Amino acid sequence: MILSKSYFFTLREDSREEDSTSGNLLVRSGMIKKVGSGIYALLPLGLRVFEKIKRIVREEMNAIGSQELTMPALIPEDVYIDSGRRDAFGDSMFALKDRYGKPYVLGPTHEELFAAAAKMYINSFRDMPVSLYQFQTKYRDEPRPRFGLIRVREFVMKDAYTFDRDEAGLDAAYAAMYGAYERAFDRMGLNYVIVRASTGVMGGLLSEEFQAVCDIGEDILVLEDNSGYASNLEVAECVVEGELDTSNLLPYEEVHTPNAGTIAEVTAFLNQPVEKFVKTLIYRIDGELYALCLRGDHEVNETKVLNLLGALNMELAAPEDVAAATRAPVGFAGPIGLDLPIIMDRQVGVMSNFIVGANKGDYHYMNVNLSDFTPTRVADIRQIKEGDLCANGAGRVRFARGIEVGNTFKLGEKYSKAMDLYYTDADNHLHPVVMGSYGIGIGRCLAAIVEQNHNELGIVWPKQIAPVQVAIVVINMKNEQQVEAGFDLYEELSATGLDILIDDRNERAGVKFMDMDLIGVPLRITVGRDIVDGCVELKFQGESEAVVVPLTEVRERVEAWFVD
RNA sequence: CGGGGUGUGGCUCAGGUGGUAGAGCGCCUGGUUCGGGACCAGGAGGUCGCAAGUUCAAGUCUUGUCACUCCGACCA
């Protein structure tokens, strides 16, 4: 890459449109440019990085025997209606019509088409296992795009699908894919953890996420360092702490608590610790009202509730619904005498002589016990907190934030049944194919790498990802000796197969150095004052001092550095 | 979808009470510089998001609209 003849520019100031470090660095280094909300152009330098990430993923996919193909992004809407997912995606799907009025969508994910591809091929158990993947642009109408390439509306994803005869086959395919993912993310230089996740809209048996750890991550990871436990907050199991003390159960009594409708107000008014309260939240879940009971200092985990009930939507009930159900204003609901299904968190099961709302404005009950009401269900429905006991008992959990750069799903038979994908076994019986699906967000990887690897001057690319590995900076373009040596070196190093850049612009040295630091060149070779001795400077990423090396040794040093 | 903010040159922004647009950076020319985002002089570049309205006169006031953005809701 000869800089004076290349599309190359940098910006000195942060862009007002960008709200993340990675987004700003990528924009300032001229690698990406926002075109619209959640829509980005990949400029030449950015595309180089993007292609390197793709190459790593492609190599790892091919290495486990997955075959690449390409599905369309523009898809007849019927495909998703048939699988039952059109409604599940709802407004997050981009929808459009052709000139005849026929409805189409831009694919948000491609299980359906891959199932269709499998259907063309798979008839017999002899046709499996088989594994397919693609790189394809996905479209999701995100309500709120943000953080540069991290939450966008158009993005390239590598999605892979495996097809097996049975669950044992799926387990093997899943394990292979999991290993490929570990190798791919390791090669990218990402710091990541693998967490158990919710199967959500995708459905299925198991979901795990590859989460790049960083502060702007939108997912909360629950970690226990000694045991290596890692879970997404959404599904992190809570364990019951403490035991039920039945030694001194008291009869419940009504107490007047004027204007004390929040937990904070009641605890203050009654001067009791928040752990002595049980709060009762009225939710509307798939249209029906439910009461959820949790200890006062605990929060509802909506994912757990939805999974428990097999429901799709839940929201706090409207104030008028609460009033009708509890015969009291919001803030005084309680389980005693309440005519709603009651789902009680397991932790409440070890509480005694606690305080609940009395279903009567400005009143609570004290000294309530489990015998005073009957929950419909008792389950783990609370959100885990930092410092809680880990589900495996190994210790206390801490939280971290993560960017989901990849996920793996054991889908099982859900889509094959929906898409009528069956095969004949050796005994001539029909069985549904057992599927897995696996995604990697390429742009997210790029953003996460930058988010994890930068300093005050710019990006610090891992050398295998960097847009160029080596930059030759010619200090003085009017000095013929420097120019000639620079271009000779450029020729020589280009033969190594590495990506080489020569900065031959008529700029001052400071400008060139700043630009190279901004775009994140792992090795900078400076052709300057030492050229009179036949030497140049090599400055390796992470080293504060440059080393002076004779021109004759440069190639050797560069090659040794890169394989290191 | 609810609430807030912002739209002025390629970028970052300034433009009390209305009077016909500026700065810094970037770009072009010349000169002095030349190893960590140089300096001097000259210059090019703007339908002030868009549309109506008020007014002799609108970047500025009114209304509408679009875009971007933040908080919330939502979220593979």
Side-chain angles (χ1 to χ4, degrees), chain A residues 8-20 23-24 27-30 33-40 80 85 88-93 107-111 138-148 150-153 155 157 159 197-204 207-211 218-220 232 234 302-303 306 312-316 403-409 411 437-441 444 456-458 473-479 482 503 505-519 524-531 536-537 539 544-546 548:
Chain A
F8 176 85
F9 68 93
T10 58
L11 300 176
R12 296 194 182 196
E13 293 172 278
D14 280 349
S15 168
R16 203 168 59 106
E17 290 181 315
E18 293 299 331
D19 57 352
S20 66
N24 254 310
V27 167
R28 285 185 50 212
S29 59
K33 172 62 186 165
K34 182 178 291 192
V35 173
S37 181
I39 307 170
Y40 282 86
Y80 290 89
R85 288 212 298 177
F89 280 111
D91 289 337
S92 64
M93 247 181 183
T109 173
H110 283 80
E111 278 77 7
K138 312 286 188 186
Y139 296 87
R140 294 186 195 170
D141 192 355
E142 291 289 342
R144 193 138 111 75
R146 64 188 125 172
F147 300 144
I150 289 167
R151 179 160 295 269
V152 290
R153 300 196 293 174
F155 58 98
M157 189 168 175
D159 48 326
S198 168
T199 49
V201 176
M202 309 297 292
S207 167
E208 290 174 290
E209 295 169 340
F210 289 69
Q211 294 273 359
E218 295 183 280
D219 290 314
I220 295 182
N232 193 305
E234 289 182 332
E302 297 190 357
T303 303
L306 291 173
L312 289 175
N313 297 300
M314 66 184 290
E315 56 185 353
L316 276 167
I403 298 170
E404 183 189 350
V405 288
N407 57 35
T408 51
F409 286 96
L411 293 177
S437 109
Y438 319 83
I440 291 179
R444 272 194 181 179
E456 61 288 350
L457 292 176
V473 174
V474 178
I475 293 293
N476 185 354
M477 288 304 293
K478 292 196 177 93
N479 180 316
Q482 288 184 20
D503 192 346
R505 296 175 298 167
N506 282 311
E507 290 287 353
R508 296 165 60 84
V511 173
K512 297 186 181 187
F513 290 153
M514 293 302 274
D515 277 345
M516 293 307 105
D517 286 339
L518 178 58
I519 68 173
R524 190 182 76 209
I525 299 179
T526 306
V527 183
R529 59 193 162 216
D530 299 312
I531 201 67
V536 294
E537 284 172 35
K539 182 161 183 307
S544 55
E545 295 300 317
V548 178

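All chains are named by letter (A, B, ...) in the order of the sequence lines, taking the proteins before the strands, and each is independently numbered beginning at 1. It should be emphasised that the depicted structure is a prediction, and the values quoted were computed from it without experimental measurement.
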Suppose we define a pair by two distances each less than 3.5 Å, Watson-Crick or G-U wobble; what does B/A23 pair with here?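 Pairing partner, where one exists within any strand: B/U12.
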
Under a 3.5 Å cut-off for both distances, is B/U29 Watson-Crick or wobble paired, and to whom?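 When the pairing criteria are applied, B/A41 turns out to be the nucleotide that pairs with B/U29.
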
Can you check whether any acceptor in the base of [N] is under 3.5 Å from a donor in the side chain of [X], or vice versa?
X: A/R16; N: B/C13; value: no
X: A/R508; N: B/U33; value: yes
X: A/D515; N: B/G37; value: yes

Whole-angstrom distance between [N] and [M], as gauged at atom [atom1]:
N: B/U20; M: B/G24; atom1: C1'; answer: 24 Å
N: B/C68; M: B/U32; atom1: C1'; answer: 44 Å
N: B/U55; M: B/C61; atom1: C1'; answer: 10 Å
N: B/A14; M: B/A21; atom1: C1'; answer: 11 Å

Under a 3.5 Å distance rule, please check whether A/R444 uses its side chain to pair with a backbone N or O of A/E404 as donor and acceptor. yes

How would you label the contact of [X] with the nucleic acid (heavy atoms, under 4.0 Å): base, sugar-phosphate, or nothing?
X: A/S37; answer: sugar-phosphate
X: A/E537; answer: base
X: A/D19; answer: sugar-phosphate
X: A/E404; answer: base
X: A/P143; answer: base
X: A/N407; answer: nothing
X: A/F155; answer: base

Would you mind telling me which of [options] lies closest to the side-chain atoms of [X]?
X: A/R144; options: B/G37, B/G35, B/C70; result: B/C70
X: A/A509; options: B/G37, B/G35, B/C74; result: B/G35
X: A/R12; options: B/C27, B/G26, B/G36; result: B/G26
X: A/K34; options: B/G35, B/G37, B/C68; result: B/C68

Does OP1 or OP2 of B/G37 have a side-chain N or O of A/T10 closer than 4.0 Å? no

